[in-house]
**Student:** 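Structure provided below as structure tokens; questions to follow.
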Amino acid sequence: MSNTTVKPEQGSKLSLRAGKLPKGATWMVAIGSIIVAIVLGMLMTGGFNIPLIALLAGVLNFIVLYAWSRTVEGKRKATDRVATTLVTSSFVIALIPLISLLWMTLVRGGPVILESPTVLSRTMEGMKGIYDQDYVAGEGELLGGFYHSIIGTVLITLAACIISIPIGVFTAIYLVEYAGRNTLGKAITFLVDVMTGIPSIVAGLFAFALFGTFLTLVDPGGIGSAKMGISAAVALSVLMVPIVVRNTEEILRLVPMDLREATYALGVPKWKTIVRIVLPTAISGILSGITIAIARVIGETAPIMVTAGFARNLNWDLFGGWMSTLPTFIYDSQMRPTSPGVAAAASSDRAWAAALVLIVLVMVLNLIARLLAKYLAPKGAR
Amino acid sequence: MATSAPAKSEPTAQSRPVVRIGDRVFSALTLAAGILILLTLAGVAIFLLIQSWPVIGAQTTDPEQITGGGFFKYVWPLILGTLISAVIALIVATPFALGIALFTSHMSPRRLAPFLGYTIDLLAAIPSVVYGLWGLALAGNLVPVYRWLAENLGWIPIFAPDAEGTVSQTGRTMLTASLVLAIMILPIITSLVREVFLQTPRLQEEAALALGATRWEMIRMAVLPFGASGISSAIMLGLGRALGETMAVAMILSSGAFTWSLVVTGNQTIASEIAQNFPEAAGLRLSELISIGLVLFVITLLVNMAARAIVARTTVKGN
């Protein structure tokens, strides 16, 4: 392999430099293909059919690029160029749904919030289809809103945090500081992995079945009352714990052994070492991991649907009655509008407004996680 | 101190082992948290089983009580629908995931790479219900494509038109739901595959380039073979996620009886069946839905374990 001489590429005539496409050839071909595709597409359909033009441009781009590169640079370089273009375009294509989704949420939810900011402060209690019909006919303002869902989201998520953060952090401490390589540690690591893969709706069913089973022991017909905020919080905890464990574990393992050994040498007990040295060193990473976990579960719909139902009124009580969260509000508004038919647009408006609020919430949480990781990090830990 | 498992950093040569209350309490607390996780996972299986018991009873005494006339008759079409949607999502998402992972790990300008990774993470951060809302709003745009598929490729069962010779008028079909599902699992597969690609030994990559390989040849000879098992486990994990994803299907698919055709109304997945029927369910129906939830749990458990097994096998080999 090392002795085979590379055959001179076509047209290079044994010069030291093989044939090469001019700089920016890829862009030239891409722009050229788009222009030709627009012209061709207009000739074929007589209109401006974007999907067709995109398809034509793509195919054209590959053919031209390959043919040109093949004649000038040879087969291997041509394949390389085509592969590079394919990989790059897969990235660009994947961005289309992201941009489309964010744009659509902004365009459909933004005006609703700007024109009827009361959606943020009202609930759906007492809402009637006739109000929505008036609104769609342009004779009334948009009534109703998702204040109760915002409160529900905050309460349920807080309860889930209270349950899952201690369990998650303590488990991570056990895995890193105590388990070593014992069987229980391995079993927990494996099961945490398995837990990450539990479908969210199954987590919801579990919480419902758990509370349902115990409530039926008290009152044989009481399974229905298992639908309450705390069941939803337990369901979210099942989803949240593995994320917290994973993130915390990862950070704790990064804490240098020297720190622990130094404190042991000074005669500090192990638990104090963990509480006073290990955790403070890792705190930024732990908090950032927890925030990411919150951002992940705050948008969950399916587990809330089966555990907290769809409330239309404000309910502060986690231990009794249905509750609403932003995701379930979006689902309920869109799928079961207050006034079906033409005036369903009103429910849809509320759903998009709630979607915008939810996305902003999730983005802010993700941003906080990044900032925490960046600015709270211990100095010199890089 | 002897009670807590001796970690490697523990001083062993102490003259008199000191047992501190604080240590005992703290290690017991952490152990309890760990065991609680074991109990939770067992609890998922146990409580789902308890609540689906009436279905097992009904199945043995009078299967006709159950929706669809028997548990297996009821659950089979749902399992098939779940698998179909997940497999389509995988087929669509995997090439893109590989492409994006390659782009962010080996082809994009180095300075841009973290930013590009963050953009893809954004896809994962968006709540599933918003995907559902978005997919529902855009589903109608796919109708001309489905009509074309039914007219030109209708002889393939998956593109066959319905009895009236038409396709779904709303675009709320299995194919639409699966495509949205593909977008939702894309970031998970991408991030896993990207991790694997980034672990390719630098020396192997540079050796390939030094021998005159083009960048694509380097990727084909060094990066892809190294990442092969990582890719397959990432795909399995993506499959697990796709199987359990509820909202995209529950909102977009206009569900109905099982059909092989992807461009007409009909078909249903387990998760979506639960989501759509749970709010009104009571009595035996409630147990039915919980029991198919148990089936879903078992399926995803198997898929996830298979994925982990692949990972475990490779890490041993790799080191």
Side-chain angles (χ1 to χ4, degrees), chain A residues 6 76-77 79-80 83-84 86-88 90-91 94 97-98 101 104-105 167 170-171 173-174 177-178 180 182 188 191-195 197 199 201-202 205-206 209-210 212-213 238 241 257 260-261 264 269-271 295 299 301-302 305-306 309 327 330-331 334-335 351 355 358-359 362 366, chain B residues 4-5 7 9 11 20 22-23 26-27 29-31 33-34 36-38 40-41 43-44 47-48 50-51 96 99-100 102-103 107 122-123 125-130 133-134 136-137 183 186 212 214-217 240 244 246-247 251 271 274-275 278-279 290 293 296-297 300-301 304-305 308:
Chain A
V6 179
R76 290 173 51 217
K77 284 270 174 64
T79 317
D80 183 52
T84 308
L86 258 179
V87 165
T88 313
S90 75
F91 181 80
L98 178 68
L101 188 145
M104 223 169 143
T105 316
I167 299 180
F170 272 117
T171 307
I173 293 175
Y174 177 75
E177 306 288 339
Y178 290 99
N182 69 14
I188 294 175
L191 291 179
V192 166
D193 275 353
V194 169
M195 232 169 139
I201 196 157
V202 173
L205 287 178
F206 157 68
L210 175 75
T213 308
V238 173
V241 163
M257 223 19 158
R260 296 190 182 94
E261 280 159 4
Y264 293 150
K270 186 165 185 172
W271 72 272
T301 321
M305 280 167 64
V306 299
I330 297 170
Y331 176 82
Q334 183 64 39
M335 305 307 283
L358 184 60
I359 285 193
V362 173
N366 273 302
Chain B
S4 59
S9 57
R20 294 189 181 92
D23 266 341
F26 198 76
S27 75
L29 263 178
T30 61
L31 183 64
L36 194 61
I37 288 191
L38 303 188
T40 308
L41 211 63
V44 172
F47 285 103
L48 290 186
I50 293 178
Q51 289 299 326
F96 282 104
I100 297 167
L102 274 182
F103 183 74
M107 284 183 167
L122 269 187
L123 269 178
I126 292 168
S128 54
V129 68
V130 183
L133 203 59
W134 172 76
L136 195 58
I183 300 169
L186 183 66
T214 60
R215 192 159 49 177
W216 170 243
E217 284 164 342
T246 316
M247 300 321 293
M251 290 180 82
I274 300 171
F278 204 84
I290 293 180
L296 179 65
F297 176 59
T300 49
L301 209 60
N304 279 310
M305 282 182 172
R308 303 289 167 194

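In what follows, every chain begins at residue 1, and chains take the letters A, B, ... in the order their sequences are listed.
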**Student:** Distance check, rounded to the nearest 0.5 Å: L98(A) atom CG versus W134(B) atom CH2?
**Tutor:**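 Spacing of CG (L98(A)) from CH2 (W134(B)) equals 9.5 Å.
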**Student:** Where on I290(B) is there a heavy atom nearer than 4.5 Å to chain A: the side chain, the backbone, both, or neither?
**Tutor:**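 Backbone plus side chain of I290(B), per the 4.5 Å heavy-atom cut-off to chain A.
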**Student:** Relative to chain A, which segment of T246(B) carries a heavy atom at a distance below 4.5 Å: side chain, backbone, both, or neither?
**Tutor:**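 Just its side chain gets close to chain A.
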**Student:** If you tally heavy-atom pairs under 4.5 Å against chain A, which of L31(B), I126(B), L301(B) wins?
**Tutor:**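 Of L31(B), I126(B), L301(B), L31(B) has the most heavy-atom pairs under 4.5 Å with chain A.
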**Student:** Nearest 0.5 Å, what's the CE-OG1 distance between M107(B) and T84(A)?
**Tutor:**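 M107(B) atom CE to T84(A) atom OG1 measures 4.0 Å (nearest 0.5 Å).
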**Student:** Using the rule given for side chain to side chain contact (heavy atoms under 4.5 Å, CB included), can you reason through I37(B) versus I167(A), listing the C-alpha separation, both sets of side-chain angles and the distance that settles it, and then say yes or no?
**Tutor:** CA-CA 8 Å; I37(B) 288 191; I167(A) 299 180; 4.2 Å; yes
**Student:** Can you name the closest pair of heavy atoms from L123(B) and A94(A) and give their distance?
**Tutor:**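 Smallest interatomic distance, heavy atoms only, reads CD1-O, 4.1 Å.
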**Student:** Can you list the steps and then say if Y174(A) with L29(B) is a side chain to side chain contact (heavy atoms under 4.5 Å, CB included)?
**Tutor:** CA-CA 9 Å; Y174(A) 177 75; L29(B) 263 178; over 6 Å; no
**Student:** What option among I188(A), L210(A), V192(A), D193(A) has the most heavy-atom pairs under 4.5 Å with chain B?
**Tutor:**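 Highest number of pairs under 4.5 Å: D193(A).
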**Student:** For T105(A), is it the side chain, the backbone, both, or neither that has a heavy atom closer than 4.5 Å to a heavy atom of chain B?
**Tutor:**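 The answer is the side chain of T105(A).
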**Student:** Let me know if V238(A) has heavy atoms under 4.5 Å from chain B in its side chain, its backbone, both or neither.
**Tutor:**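 For V238(A), the contact with chain B is made by the side chain alone.
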**Student:** Measuring heavy-atom distances to chain A, does L133(B) have an atom under 4.5 Å in its side chain, in its backbone, in both, or in neither?
**Tutor:**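 Both backbone and side chain of L133(B) come within 4.5 Å of chain A.
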**Student:** What residue in V241(A), N366(A), V194(A) has the most heavy-atom pairs under 4.5 Å with chain B?
**Tutor:**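 Top option by heavy-atom pairs under 4.5 Å: V194(A).
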**Student:** Heavy-atom cut-off 4.5 Å, strictly under: side chain, backbone, both or neither for I50(B) against chain A?
**Tutor:**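 For I50(B), the side chain is the part near chain A, not the backbone.
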**Student:** Assess whether side chain to side chain contact (heavy atoms under 4.5 Å, CB included) is satisfied between T40(B) and M195(A), documenting all intermediate values.
**Tutor:** CA-CA 9 Å; T40(B) 308; M195(A) 232 169 139; 4.0 Å; yes
**Student:** Working to the nearest 0.5 Å, report the span between CG of L296(B) and CD1 of I201(A).
**Tutor:**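 Rounded to the nearest 0.5 Å, the CG-CD1 separation comes out at 8.0 Å.
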**Student:** Which answer fits M251(B), side chain, backbone, both or neither, if we ask what part of it has an atom under 4.5 Å from a heavy atom of chain A?
**Tutor:**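 Contact with chain A: backbone and side chain both.
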**Student:** Among T213(A), L86(A), I173(A), single out the residue with the greatest number of heavy-atom pairs under 4.5 Å to chain B.
**Tutor:**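 Ranked by heavy-atom pairs under 4.5 Å with chain B, first place is T213(A).
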**Student:** Which residues satisfy the ring-ring contact (aromatic ring centres under 6.0 Å, His included) test with F103(B), sequence neighbours excluded?
**Tutor:**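 Only F91(A) meet the ring-ring contact (aromatic ring centres under 6.0 Å, His included) criterion with F103(B).
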**Student:** For chain A, which candidate among F96(B), F278(B), F297(B), W216(B) shows the most heavy-atom pairs at distances under 4.5 Å?
**Tutor:**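 Ranked by heavy-atom pairs under 4.5 Å with chain A, first place is F278(B).
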